[in-house]
Amino acid sequence: MIHSRTSRTLVAALLLGLASTTLHAQEAATADAAAPVVTGSSAAASSAPADIAPAAALTAASTESVDNPYGLDALWKGGDIVAKATLAILLIMSVGSWYVLFTKLWEQTRLNRQGQRASETFWSAGGVTEAIETLDAHSAYRYIARAGADATERHRGLHAHINLHEWTQVSIQRAIDAVQSRLQSGLAFLATVGSTAPFVGLFGTVWGIYHALTAIGIAGQASIDKVAGPVGEALIMTAIGLAVAVPAVLGYNWLVRRNKSALEQVRNFGSELHAVLLGAQASRPVEVPSPRRREQRAAAAA
């Protein structure tokens, strides 16, 4: 009896243990089945911001490239009347400098062509009048030759008291000086722009920084985003001033050097023309005075 009861107790204990093990296994399986659902939802939730982040960054970048708060447009719209006047002055200086540079370059090129034509046709003519006609109507060399020829024709009256050599030389030199003055016109503007444009830009920078610091002081915020924008916009003025001054200085030096070469050819032409006119005047036949002229001279002598 005792053995049968003991065996029944053991069997019951075994059955109870098997039932407990089975229950734990079912609970574990239920937990494993539910786990992927929770993980998948959380992964989807976590991946959603990752997908949205690049799109948001792209939108912000495009907005920043389109609406730049620190560009020239913002400088013009945010500047006062003094800043806008400074920018307008720098713009006028720049346009004027390039206009003078191109016009003077064209005048020098045309003068060199006229000198080449004069050297080819002028000296091979039979006479002074024929030589002058071979030159272009608006040529500087024709103007100089005509001035010398007219001087020899007008050597009478009070001018007759001046030596013909000196009178012709003065007339030709006066014409050469007129050509030189025409070539040098406009170069003073380039020199002025080259020397003053950096200071005009610096004035705009100082004025812009003053207003930027005033606005920052009133706002009471001195963070880098509040300081960098206005100060950076003000410094653009200095860069614009230098961009205007550098071409003006380089163009001035270049044009002065080209003027020197062109005027050297003009002076050589004037010297040769002076010698030709004196030789032509000396080879003219001596005018025989009329009887009336002789009577006037005799009366003057008496």
Side-chain angles (χ1 to χ4, degrees), residues 72 84-123 131-151 168-204 236-274 276-277:
L72 291 175
K84 292 181 179 180
T86 303
L87 284 174
I89 292 173
L90 290 175
L91 178 62
I92 293 173
M93 285 183 172
S94 179
V95 174
S97 298
W98 287 106
Y99 174 78
V100 171
L101 179 61
F102 282 112
T103 53
K104 293 291 105 179
L105 182 61
W106 168 249
E107 289 181 1
Q108 291 174 353
T109 303
R110 185 176 61 180
L111 183 62
N112 291 332
R113 292 177 181 175
Q114 293 171 358
Q116 184 178 3
R117 179 175 178 82
S119 63
E120 293 175 355
T121 61
F122 187 84
W123 307 113
I132 294 175
E133 295 299 327
T134 60
L135 301 177
D136 297 334
H138 302 286
S139 173
Y141 288 85
R142 183 187 180 114
Y143 170 73
I144 296 172
R146 175 57 62 187
D150 291 344
T168 306
Q169 184 178 9
V170 168
S171 301
I172 294 175
Q173 185 61 41
R174 188 184 298 117
I176 293 175
D177 292 340
V179 174
Q180 181 178 1
S181 177
R182 177 64 182 273
L183 281 179
Q184 292 180 348
S185 63
L187 296 183
F189 179 81
L190 290 180
T192 303
V193 170
S195 59
T196 59
F199 297 101
V200 175
L202 183 61
F203 168 76
I236 294 177
M237 289 286 194
T238 301
I240 296 176
L242 293 176
V244 173
V246 170
V249 173
L250 295 178
Y252 173 81
N253 294 330
W254 186 38
L255 292 177
V256 167
R257 186 173 65 252
R258 287 175 59 89
N259 274 351
K260 183 179 180 180
S261 176
L263 289 174
E264 188 67 25
Q265 297 180 4
V266 171
R267 293 191 182 94
N268 293 336
F269 176 81
S271 299
E272 296 178 3
L273 176 66
H274 178 244
V276 168
L277 290 176

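Values below: all heavy atoms of this structure, side chains included; hydrogens, waters and symmetry mates excluded. Position 1 is the first residue of the sequence; numbering continues from there. Keep in mind that this is a model prediction, so the values were computed, not measured.
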Using 0.5 Å steps for rounding, measure from the [atom1] atom of [X] to the [atom2] atom of [Y].
X    : Y    : atom1 : atom2 : value
T192 : L187 : OG1   : CG    : 10.5 Å
L255 : L105 : CG    : CG    : 7.0 Å
L111 : L263 : CG    : CG    : 7.5 Å
S139 : I132 : OG    : CD1   : 11.0 Å
I144 : R267 : CD1   : CZ    : 10.0 Å
T109 : R113 : OG1   : CZ    : 6.5 Å

Whether S94 side chain and L90 backbone form a donor-acceptor pair below 3.5 Å:
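The answer is no, because no donor-acceptor pair under 3.5 Å joins these two groups.
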Q116 backbone acceptor or donor facing S119 side chain under 3.5 Å:
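Between the backbone of Q116 and the side chain of S119 there is a qualifying donor-acceptor contact (under 3.5 Å).
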Of all the heavy-atom pairs spanning [X] and [Y], show the shortest one and how long it is.
X    : Y    : answer
T168 : A151 : CA-CB, 4.4 Å
G270 : I176 : CA-CD1, 4.2 Å
V200 : T86  : O-CG2, 3.5 Å
A140 : Q114 : N-OE1, 3.0 Å

Which residue pairs pass the salt bridge (charged side-chain N to carboxylate O under 4.0 Å, His left out) test with at least one member in residues 88-107, sequence neighbours excluded?
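Residue pairs passing salt bridge (charged side-chain N to carboxylate O under 4.0 Å, His left out), neighbours aside: K104-E107, E107-R182.
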According to the salt bridge (charged side-chain N to carboxylate O under 4.0 Å, His left out) rule, which pairs have a member within residues 245-262, sequence neighbours left out?
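Those involving residues 245-262 do not exist here.
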Are [X] and [Y] side-chain neighbours, meaning at least one heavy-atom pair lies under 4.5 Å?
X    : Y    : result
L273 : L277 : yes
L135 : R146 : no
V193 : V100 : no

Side chains of D177 and Q173: is there a donor and an acceptor less than 3.5 Å apart?
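A donor-acceptor contact under 3.5 Å links the two side chains.
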So among R110, R117, R142, which one has a side chain to side chain contact (heavy atoms under 4.5 Å, CB included) with D136?
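It is R117; the other options fail the test.
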Would L87 and M237 count as a side chain to side chain contact (heavy atoms under 4.5 Å, CB included) here? Give the steps.
CA-CA 8 Å; L87 284 174; M237 289 286 194; 3.5 Å; yes
Over 12 foreign heavy atoms within 6.0 Å of CH2, W98
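No, not enclosed.
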Any idea how F269 and Y141 line up, ring-wise: parallel (<30°), tilted (30 to 60°), or perpendicular (>60°)?
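It falls in the perpendicular class, over 60°.
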Distance-only donor-acceptor hits, side chain of residues 246-254, under 3.5 Å, sequence neighbours excluded:
from: N253; atom 1: ND2; to: V249; atom 2: O; distance (Å): 3.3

